[in-house]
Amino acid sequence: MDTSYGRSCGIVGDHMKLKLCILFTLIFMITLLYVPFLRGVPYVSREALYERLQPYAVREDMVLKDESDLISAIRVKAGDYQEALYLGPSSYINVEECIIIYAPQREEQIMNKLKDHIERQKTAFNGYGATQSELLKQAKVEKIGSYAVCVVSSDPQLIQKVRNELR
């Protein structure tokens, strides 16, 4: 009786298993290399952001503002975002502020609202608030992942701190 056929099937089967093992290993390795690039900006809660940014806010004479202040300042609806942190000026003659809005799928809409807010502020302080006008010219409005961010500050470390917290 010829048993070479049975042995050759076993060899082909083992060879196929080896090929499949190599294929799955390659897929796994490629996935491991690709995963870091899939990672978006992680969600950071309003409370955690406030805790981390509060020392900067104190130095810049910013205070924690509520949702109604945010809505009136940037003319946004409460349903347009999921969560927001608004550290705003302690008085009407100050312009220093830090606005961080978590708005997945609506970042661009919120970015436009923030840019419009800065333009309104520039108009309001034009001609009599030289220091404020200069700060507003240097305002940073950025999209960081699912966050729309606006920072008006004399401290360049504040925007960098925000970037670090959201990356």
Colleague: Any idea which heavy atoms bring A103 and D80 closest together, and the distance?
Modeller: CB-O, 3.9 Å
Colleague: Side chains of Y86 and I74: does their closest heavy-atom pair fall under 4.5 Å?
Modeller: no
Colleague: Let me confirm one number: the CG-CD distance from L135 to Q132, rounded to the nearest 0.5 Å.
Modeller: 7.5 Å
Colleague: Are N112 and E108 linked by a side-chain donor-acceptor pair shorter than 3.5 Å?
Modeller: no
Colleague: Kindly work out whether a path of hydrophobic side-chain contacts (I/L/V/M/F/W/Y, heavy atoms less than 4.5 Å apart) joins L87 to V63.
Modeller: no
Colleague: Strictly below 4.0 Å, N to O, side chains only: are E97 and K65 in salt-bridge contact?
Modeller: no
Colleague: Any chance you could measure I110, atom CD1, to C150, atom SG, to the nearest 0.5 Å?
Modeller: 12.0 Å
Colleague: Are I144 and V152 grouped together when hydrophobic residues (ILVMFWY) are joined by side-chain heavy atoms under 4.5 angstrom apart?
Modeller: no
Colleague: Does one hydrophobic cluster hold both V95 and Y56, with members joined at side-chain heavy-atom distances below 4.5 Å?
Modeller: no
Colleague: Looking at K122, I'd like to know if its NZ atom is crowded, meaning that more than 12 non-hydrogen atoms belonging to other residues, nucleotides or ligands lie closer than 6.0 Å.
Modeller: yes
Colleague: Heavy atoms, side chains only, cut-off 4.5 Å: are L53 and M62 in contact?
Modeller: no
Colleague: Going by the side chain to side chain contact (heavy atoms under 4.5 Å, CB included) test, name the single residue among I101, V162, L64, L70 that passes it with L85.
Modeller: L64
Colleague: Applying the side chain to side chain donor-acceptor pair (under 3.5 Å) test to S153, which of E60, R59, E96 qualifies?
Modeller: E60
Colleague: Quick check on the hydrophobic clustering: are V141 and I71 connected, directly or via other members, by side-chain heavy-atom contacts under 4.5 Å?
Modeller: yes
Colleague: Can you find a heavy atom in the side chain of L114 that is under 4.5 Å from one in the side chain of V149?
Modeller: no
Colleague: Return the OG1 to CG distance between T131 and L136, rounded to the nearest 0.5 Å.
Modeller: 11.0 Å
Colleague: From I118 CD1 over to T123 OG1, what is the distance, rounded to the nearest 0.5 angstrom?
Modeller: 11.0 Å
Colleague: Where do S146 and E107 come nearest, in terms of heavy atoms and distance?
Modeller: CA-OE2, 3.3 Å
Colleague: Could you note down all residue pairs passing ring-ring contact (aromatic ring centres under 6.0 Å, His included) where residues 112-139 supplies at least one of them, sequence neighbours left out?
Modeller: F125-Y128
Colleague: For E47, I'd like to know if atom CD has over 12 heavy atoms of other residues, nucleotides or ligands within 6.0 Å.
Modeller: yes
Colleague: Measuring from atom NZ of K77 to atom CD of Q109, what distance do you get when rounded to the nearest 0.5 angstrom?
Modeller: 8.0 Å
Colleague: Give the minimum heavy-atom separation between G145 and K143, together with the two atoms involved.
Modeller: O-CE, 3.5 Å
Colleague: Same cluster or not: L166 versus Y81, using hydrophobic residues (I, L, V, M, F, W, Y) connected whenever any side-chain heavy atoms lie under 4.5 Å apart?
Modeller: no
Colleague: Quick one: do E165 and K161 make a salt bridge, cutoff under 4.0 Å?
Modeller: yes
Colleague: With rounding to the nearest 0.5 angstrom, report the CG to CD distance, L49 to Q54.
Modeller: 13.0 Å
